[in-house]
Amino acid sequence: MYHQPVLKNRRTVLERAEKFISDVYFTDCNLRGRLYGYSCPLESLASFLCPKRITFTEASKQNFAPYKVGDTFGPTWWTCWFKITLSIPESWRGKEVHLLWESDGEAMVWRDGQPVQGLTKDGEKTSYVLSDCLRDEDPHRVMLYVEMACNGLFGAGQGSMIAAPDPNRRFSVQRAELVVFNRDVRELLTDFEMLVDIVKELGEGEQRSYQALFTVNEMVNLCDPSDPSSFSEARSLAHSFFSQRNGESQHTVHAMGHCHIDSAWLWPYEETIRKCGRSWVTVIRLMEKNPEFVFTCSQAQQFQWVKSWYPGLFSEIQKYVKKGQFIPVGGTWVEMDGNLPSGESMVRQFLEGQRFFDQEFGIHCKEFWLPDTFGYSAQLPQIMQGCGITNFLTQKLSWNLVNTFPHNTFFWEGLDGSKVLTHFPPGNSYVMKGKIEDVMKTVKNNKDKGRANHSAALFGFGDGGGGPTQLMLDRLHRIKDSDGLPKVLISSPDQLFSLLHADSALLCTWTGELFLELHNGTYTTQAQIKQGNRQCESLLHDVEMASCLALCQDRTFEYPTEKLKQLWRLLLLNQFHDVIPGSCIEMVVEDALRYYEGTVFVLMENGILRTIVNKDGTLASLYLINTNREAMADSSQGNQFVMFDDVPLYWDAWDVMDYHLQTRKPVQEVVHPVRVVSSGGLRGSVSFSLRISEKSIITQEIVMDAMCPYIKFNTEVKWAESHKFLKVEFPVRVHSSNATYEIQFGHLQRPTHRNTSWDWARFEVWGHKWTDLSEHNFGVALLNDCKYGYSVHKNTMTLSLLRAPKAPDANADMGTHHFTYAIMPHSGSFQDASVIQCAYNLNFPLRLIQCSPDIVPWSAFSINTEAVILETIKQAEDSKGTLVLRLYESHGSSVTATLSTSLPVREAWHCDLLEKQDPTRPACITSEGVTLNFSPFQIVSLLLVL
């Protein structure tokens with residue numbers, strides 16, 4: 001066929017092709033309008049509405065009433081079950097037949113009592129394939145059930161995605177019918193779409209862009225949408241284009257199926273279980289049709305949920321894990337927050353996760369998978385290595401508000417010098433769609449060109465689940481090796497990291513924490529969740545230790561293995577990266593607090609300082625008597641409460657912006673002036689009350705105990721604010737360019753100045769039980785029992801106390817709060833002054849137990865140096881007669897320590913963090929005890945065989 005030469009007007013030719021496949025314009029005559037052929041109504045459609053999430057067995061026994069498409073139901077978080085009877089016309093023999101289902105909720109198709117397909121309009125899954133090619137022997141009359149959640153892929157925010165849920169939203173089914181699906185139209189549409197995107201992404205300066213433009217224009221000329229016989233010639237042109245090969249040096253994009261599912265966020269934990277079921281059963285259907293398809297999936301907790309709720313689906317997953325297509329990754333119980341959990345909690349994340357994956361699938365994860373967490377502790381590399389993990393993948397630092405992180409592939413060196421190979425997918429996303437834009441962005445954004453020629457591209461709907469689609473796979477298949485584009489390989493994490501390791505000689509190293517310059521408000525939001533976390537970490541620590549001591553005293557004692565595992569898993573679940581940070585809806589907060597309360601219920605069956613306190617509760621003076629040093633700065637007051645306006649740009653619960661610092665207002669209105677509560681003897685204390693506003697009030701008791709090196713501030717805040725931030729300040733008489741903050745199993749320093757943009761971006765930082773500002777031979781430490789947000793600027797030490805965001809929880813932090821912080825001036829270094837031990841004492845108060853008068857005092861363990869902390873004593877996971885001890889070097893020094901014990905230890909062995917014994921490293925036992933060598937911030941785990 002002869003055509004006139006095309007006009008050299010790029011825009012008109014491109015728009016012609018776009019309109020030819022548009023789902024908005026000219027659908028009466030373009031190709032898109034031919035995607036579906038014949039249609040017929042369902043034989044019957046009936047529904048049953050339920051306020052709870054129930055099993056299929058229970059739902060199938062209910063009374064279903066006729067349902068008319070378009071009728072509304074609800075409210076939010078309810079479930080509507082549908083019973084469908086359908087009859088496929090005999091005349092559709094040889095056709096591909098789908099159930100077309102469009103609704104504004106998330107749905108699951110059930111057939112013969114089993115889940116078979118997820119349906120989510122926002123996830124581009126609106127049809128269930130009844131037959132690829134209808135045959136006479138295929139069932140023509142079918143009964144299906146559809147379980148529809150009254151929430152969308154991202155919950156039910158009122159007015160915006162992250163707004164608090166609308167509790168009264170109504171839902172409906174907009175379309176429910178049988179259709180003939182024209183697969184040849186779908187394939188041709190994909191060809192057109194990919195060529196159009198190549199034209200747009202490569203731009204006017206690239207020859208390949210014009211080749212794509214002329215090809216797609218000729219395809220429009222050849223293709224008659226009303227005549228399927230014309231499709232093959234058009235498809236042949238596309239095939240010829242995509243088959244033009246690349247050169248050997250092209251960058252390789254490792255495409256991996258992915259479905260990030262937040263274990264809770266804008267929906268409750270229970271809905272996440274169904275999101276996993278809907279998403280993963282759809283993945284299994286894709287694997288049945290695409291044997292090359294590889295899907296990566298993290299979070300052992302979610303696998304456990306699916307095992308409990310969908311045992312048939314879990315069996316299918318196990319089958320595809322063996323085939324190497326369904327790949328568990330990450331090695332943790334959940335994708336936890338990377339800042340706030342304690343060091344021991346992080347170890348338990350890996351311990352529970354890796355053991356689950358080993359027991360259920362016989363695999364050990366070699367990569368840590370944490371794409372969506374709000375920063376990464378400098379101790380993570382050592383913890384990863386101790387759990388058998390050598391690789392790390394995330395992308396969240398691409399969200400940095402101020403500075404662009406300089407690498408995508410690099411070695412990350414942790415606090416102790418441990419290194420892991422780290423990869424940030426250059427496309428800056430974990431929810432790619434397999435489009436040209438995605439692969440081109442992956443190449444263009446790669447900051448390590450010349451050093452690394454392989455990158456990951458994670459494709460599939462995520463956050464709220466959904467996962468990959470057949471269309472995404474079809475897109476990627478077309479461009480696996482096509483001139484002008486990077487090579488695309490359906491790959492696995494192991495394949496990617498193996499290639500990166502093999503060519504890593506030129507990779508750079510980043511030392512220290514990976515600090516996210518955004519979401520700084522998550523160190524403070526939802527204070528009760530953070531308090532519950534800290535308290536439960538302390539309780540579990542104490543119960544494990546007490547149980548071990550009881551076991552040593554009485555070998556008939558039953559160590560509460562299963563109960564502790566259950567409680568640990570609940571705590572680890574609440575450390576998910578949208579729960580402990582407080583960036584979740586109110587329903588999730590209620591669940592989390594209930595889990596904490598359950599843990600608490602089960603487990604709970606001399607003068608050193610001189611202070612002068614003003615009538616408003618501020619400290620006019622804090623004097624360290626033995627050194628004759630004043631700790632408070634001149635003309636300043638310590639314990640100064642301050643309020644800030646706290647209105648971020650968008651992410652309400654997540655962000656506090658630097659400009660909030662310009663709105664500082666001291667809290668000065670006295671309700672009850674300082675009065676003496678206790679004087680003389682072993683304790684002196686005063687109390688007072690301040691008014692924050694008409695709605696909020698602070699009541700505080702300042703406590704000085706004899707022989708205690710710090711002053712405690714026992715605080716009650718009745719809080720009913722909106723977009724305000726409460727902090728407390730201590731301007732101190734110390735000059736230092738760096739402050740020290742406790743993190744997991746150690747501490748690090750951050751600048752107190754704002755010289756560079758990297759310094760400025762740390763205007764609000766995180767820490768654990770203490771921070772310290774010291775100059776030579778003198779310093780001040782600020783301790784707390786449940787807070788994580790800090791700022792030390794110049795000489796002012798600030799502890800962040802409470803926020804009041806309104807999304808996604810409209811009632812976040814409203815109510816009464818109780819917490820304690822302490823100020824501790826000291827001589828010498830903070831190490832020599834025992835700041836670390838004092839912070840432990842504040843967070844691990846002595847627990848009184850009743851015992852008989854003839855009990856002889858005894859000590860199970862002691863260490864001959866304060867530099868080493870005995871963090872954990874627990875029973876070994878796989879041996880009842882063996883204890884696990886976890887110790888770490890806390891000062892940042894190389895030291896030899898002796899661990900003494902009164903217990904009858906037969907053998908002592910070094911082990912990793914997963915409690916795997918190292919047969920080459922028996923611990924040295926002498927008459928004094930076990931001798932251990934530590935490098936700075938090193939974590940050491942021991943197996944003690946009794």
Side-chain angles (χ1 to χ4, degrees), residues 343-344 346-348 350-355 358-359 364 382-389 416 418 540-565 568 745 856-890 894-946:
E344 187 60 30
M346 285 189 167
V347 170
R348 300 304 177 93
F350 286 101
L351 181 67
E352 291 296 330
Q354 292 281 45
R355 285 178 64 84
D358 179 53
Q359 290 164 3
H364 179 96
Q382 183 180 188
I383 293 172
M384 284 185 237
Q385 284 201 344
C387 297
I389 285 175
D416 73 315
S418 298
L540 285 166
H541 166 278
D542 288 357
V543 170
E544 285 184 332
M545 179 184 66
S547 297
C548 287
L549 299 185
L551 185 66
C552 294
Q553 294 280 63
D554 179 5
R555 286 305 180 94
T556 65
F557 174 78
E558 283 292 325
Y559 189 89
T561 303
E562 288 306 313
K563 177 55 68 175
L564 283 170
K565 175 180 284 191
W568 263 112
F745 297 125
V856 178
W858 67 290
S859 173
F861 297 100
S862 63
I863 304 171
N864 68 344
T865 170
E866 281 198 354
V868 174
I869 303 290
L870 175 53
E871 176 70 22
T872 298
I873 306 170
K874 67 181 288 286
Q875 182 174 269
E877 295 291 314
D878 298 317
S879 177
K880 289 187 176 180
T882 302
L883 302 184
V884 172
L885 271 61
R886 187 136 35 246
L887 310 94
Y888 72 96
E889 197 290 315
S890 67
S894 295
V895 64
T896 298
T898 300
L899 172 70
S900 301
T901 179
S902 60
L903 303 183
V905 177
R906 291 192 295 113
E907 300 175 39
W909 295 88
H910 287 270
C911 64
D912 64 12
L913 297 180
L914 301 181
E915 304 180 12
K916 181 181 178 182
Q917 179 180 320
D918 185 345
T920 68
R921 296 188 64 202
C924 178
I925 304 178
T926 67
S927 57
E928 282 78 31
V930 180
T931 301
L932 301 168
N933 295 315
F934 290 84
S935 57
F937 305 116
Q938 183 181 1
I939 306 165
V940 170
S941 295
L942 294 176
L943 293 172
L944 299 187
V945 183
L946 303 178

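Owing to the predicted nature of the structure, the values given are computational and were not obtained by experimental measurement.
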Contact check, side chains of Ile939 and Val347, non-hydrogen atoms, under 4.5 Å: no
Qualifying residues under side-chain contact (heavy atoms from CB on, under 4.5 Å), relative to Asp358, sequence neighbours excluded: none
Set of side chain to side chain donor-acceptor pair (under 3.5 Å) partners for Arg355, sequence neighbours left out: Asp878
Where at least one partner belongs to residues 858-874, residue pairs that pass salt bridge (Lys or Arg N to Asp or Glu O under 4.0 Å), sequence neighbours excluded: Lys874-Glu877, Lys874-Glu915
Pairs flagged by ring pair (Phe, Tyr, Trp, His ring centres under 6.0 Å) wherever residues 857-888 is involved - sequence neighbours left out: Phe745-Tyr888
Polar side-chain atom of Tyr559 near backbone of Leu551 as donor-acceptor pair, under 3.5 Å: no
By side-chain contact (heavy atoms from CB on, under 4.5 Å) - contacts of Thr865 (at least two apart): Ile863, Ala867, Val868, Val895, Ala897
Sequence-distant partners of Ser900, side chain to side chain donor-acceptor pair (under 3.5 Å), two or more places apart: none
Pairing residues for Asn864 by the side chain to side chain donor-acceptor pair (under 3.5 Å) criterion, not counting sequence neighbours: none
Qualifying residues under side chain to side chain donor-acceptor pair (under 3.5 Å), relative to Thr882, sequence neighbours excluded: Ser879
Qualifying side chain to side chain donor-acceptor pair (under 3.5 Å) pairs with a residue from residues 541-555, counting only residues at least two apart or across chains: Arg348-Glu544, Asp542-Arg847, Glu544-Trp568, Asp554-Thr556
Partners meeting side-chain contact (heavy atoms from CB on, under 4.5 Å) with Gln385 (sequence neighbours left out): Ser418, Val420
Residue pairs fulfilling side chain to side chain donor-acceptor pair (under 3.5 Å) with at least one residue in residues 933-943, sequence neighbours excluded: Arg886-Ser941, Thr896-Asn933, Ser935-Gln938
Set of residues satisfying side-chain contact (heavy atoms from CB on, under 4.5 Å) with respect to His364, sequence neighbours excluded: Gln354, Leu914
